[in-house]
Amino acid sequence: MTDYKNKVQKILSLRETPPLCYLHSFGCQQNVSDGEKILGLLTEMGYGVTSDMFSADMIIYNTCAVRENAELKIYGLIGNLKHLKEQKPDLIIGICGCMAQQEQVVEKIKKTYKQVDLIFGTFALNELPRLVYDVLSERKTAVDITEYSAEIPENIKAVRSGSFKAGVPVMYGCNNFCSYCIVPYVRGRERSREPQAILDEIRELSKAGYKEIMLLGQNVNSYGKTLEKPVNFSELLRRINEIDGDFKIRFMSPHPKDATKEFIDTIVECDKICKHLHLPLQSGSNRILEAMNRRYTVEKYMEIVDYARSRIPDFSFSTDIIVGFPNETYEDFKGTLDVMRRVKYDNIFSFIYSKRTGTKAALIDDKTSDEDKGKWMRELLEVQREISTEFFKRFEGRILDVLFEAESKNVGWYNGKSDEFIIVEAKSDVNIIGQRKKVKITKAFNWALQGEIIN
Ligand code: 5AD
Ligand code: SF4
């Protein structure tokens with residue numbers, strides 16, 4: 001890798017000013033984290049980073065393949081770059097990430113989108129210098145979507161997109177093969193980072209003043225199984241919790257089948273861990289859960305929720321739900337609404353089922369109509385609106401810890417997330433972005449809370 005890095009550096013050093021790279025990551029936090037590493041590598045090779053696509057010498061889309069509409073959007077964006085490339089023939093256009101890991105996508109890009117110079121999948125980080133060298137030296141399209149060994153790139157320094165929140169991958173890949181999901185096919189088998197590497201990275205982030213660490217993985221609570229000396233996720237969490245610093249810990253996403261009592265106890269007992277769990281339900285029907293190959297039942301899921309709430313009555317939950325899995329009936333769907341009413345999620349990320357070529361579910365002859373799926377989705381959103389309208393009221397008059405992230409649309413107002421992962425808005429005369437504040441909640445809306453900063 002170093003050899004090609006040097007070769008690229010040499011080519012780029014002939015230019016008067018360093019060329020600029022614009023990179024946009026779509027999809028999940030794991031992808032954002034990969035994007036930060038790609039920028040790290042490009043910086044080492046001599047590229048500068050820009051947030052202005054039109055002044056860039058290299059544009060990279062780091063793509064997501066989880067649903068079809070994410071892919072369609074990216075095809076649209078690649079299409080739009082054709083004109084830019086005509087105006088700037090030296091522009092390098094790269095497509096990477098989960099979409100680029102699929103052969104049929106690569107074929108389509110090569111055939112239809114000739115403006116693309118660089119295509120690389122989720123395993124090719126270590127190969128990036130060679131690919132960039134090929135494009136720069138030969139002006140030919142460079143493609144790499146080979147599935148490499150389980151090697152985790154540890155020596156790449158990320159160019160982080162945030163200065164107070166950081167994503168830290170703890171494991172890569174997924175072994176679960178939920179029948180609807182493309183992830184195990186594009187990100188390979190589960191492999192965990194060594195605990196020492198994770199702890200060192202977080203220690204550094206804490207020293208640099210980061211206020212929130214999000215541990216990342218497709219199935220975080222299956223962490224450690226592939227290590228030579230296995231360490232489970234709860235042990236890892238306890239060791240992270242001991243690191244000095246004024247930061248909180250979140251993680252995304254655990255799988256209900258691997259959620260043990262020990263895991264909930266760890267969250268409850270570690271002061272730095274937010275008392276919020278994003279626990280993907282996907283469906284509230286045991287029949288559909290089985291067809292999805294989720295390997296838990298509604299009863300097992302509710303046991304986790306009830307246990308967490310027995311330890312902390314206000315324990316907060318959010319979830320992912322898929323509406324309209326092949327041959328789902330209204331009865332099945334009502335099971336999902338039922339779980340929503342029992343758990344009272346603070347937040348739901350709901351998706352209409354999207355058929356993904358190569359998955360088991362894609363082979364099912366689906367008799368449920370798109371019209372029904374759309375109708376159910378609207379019903380689900382309405383039910384969740386009612387739940388959160390009522391449930392958010394419990395926060396009125398209470399004091400929450402909020403990490404402020406951005407300016408609101410209203411001048412003089414800022415918004416951030418509480419430990420419960422709820423959006424909170426508050427007024428401030430000074431810029432409070434990146435700071436954690438205590439906020440007394442004065443008003444609950446169905447999507448957010450409003451309050452006054454008390455210190
Ligand atoms: N269709 C719709 N939603 C999906 N997800 C994953 N695969 C699909 C699919 N084929 C959703 C799941 C997952 C979230 C990240 O995306 O709810 O938890
Ligand atoms: Fe996909 Fe299931 Fe793995 Fe999540 S756990 S990435 S939904 S296969």
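Whatever order the structure lists them in is the order used to number ligands and atoms, beginning at 1. All values derive from a computational prediction rather than experimental measurement.
With 3.5 Å as the limit, one finds a donor-acceptor pair spanning the side chains of N219 and D258. No side-chain donor from either of Q282 and Y301 sits under 3.5 Å from a side-chain acceptor of the other. A donor-acceptor contact closer than 3.5 angstrom links the side chains of S408 and E425.
Here F317 pairs with F315 under the ring-ring contact (aromatic ring centres under 6.0 Å, His included) rule; sequence neighbours left out.
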Put together the list of close N/O pairs, under 3.5 Å, between ligand 1 and the protein, could you?
{"from": "ligand 1", "atom 1": "1 (N)", "to": "S354", "atom 2": "N", "distance (Å)": "2.9"}
{"from": "ligand 1", "atom 1": "3 (N)", "to": "R67", "atom 2": "NH1", "distance (Å)": "3.4"}
{"from": "ligand 1", "atom 1": "5 (N)", "to": "R67", "atom 2": "NH1", "distance (Å)": "3.4"}
{"from": "ligand 1", "atom 1": "10 (N)", "to": "Y180", "atom 2": "O", "distance (Å)": "3.0"}
{"from": "ligand 1", "atom 1": "10 (N)", "to": "S354", "atom 2": "O", "distance (Å)": "2.8"}
{"from": "ligand 1", "atom 1": "16 (O)", "to": "R67", "atom 2": "NH1", "distance (Å)": "2.9"}
{"from": "ligand 1", "atom 1": "17 (O)", "to": "Q282", "atom 2": "OE1", "distance (Å)": "2.7"}
{"from": "ligand 1", "atom 1": "17 (O)", "to": "Q282", "atom 2": "NE2", "distance (Å)": "3.4"}
{"from": "ligand 1", "atom 1": "18 (O)", "to": "Q282", "atom 2": "NE2", "distance (Å)": "2.8"}
{"from": "ligand 1", "atom 1": "18 (O)", "to": "D320", "atom 2": "OD2", "distance (Å)": "2.7"}

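When each of L42, L41, D117 is tested with V132 by the rule side chain to side chain contact (heavy atoms under 4.5 Å, CB included), just one qualifies, namely L42. The side-chain hydrogen bond (donor to acceptor under 3.5 Å, both in side chains) test with D419 singles out one residue from K275, K248, H276, and that residue is K248.
In this structure, the protein non-hydrogen atom closest to atom 7 (S) of ligand 2 is Y180 OH, 3.3 Å.
Residue pairs that meet the side-chain hydrogen bond (donor to acceptor under 3.5 Å, both in side chains) test with at least one member in residues 302-311, sequence neighbours left out, are D265-Y307, D265-R311, E269-R311.
The two residues S161 and E36 have their closest heavy-atom pair at OG-OE2, 2.8 Å.
With values rounded to the nearest 0.5 angstrom, M53 atom CE is found 6.0 Å from Y22 atom OH. With rounding to the nearest 0.5 Å, the separation of CH2 in W376 from CG in L337 is 10.5 Å.
Of all protein N/O/S atoms, those under 2.8 Å from atom 2 (Fe) of ligand 2 are C178 SG, and waters are not counted.
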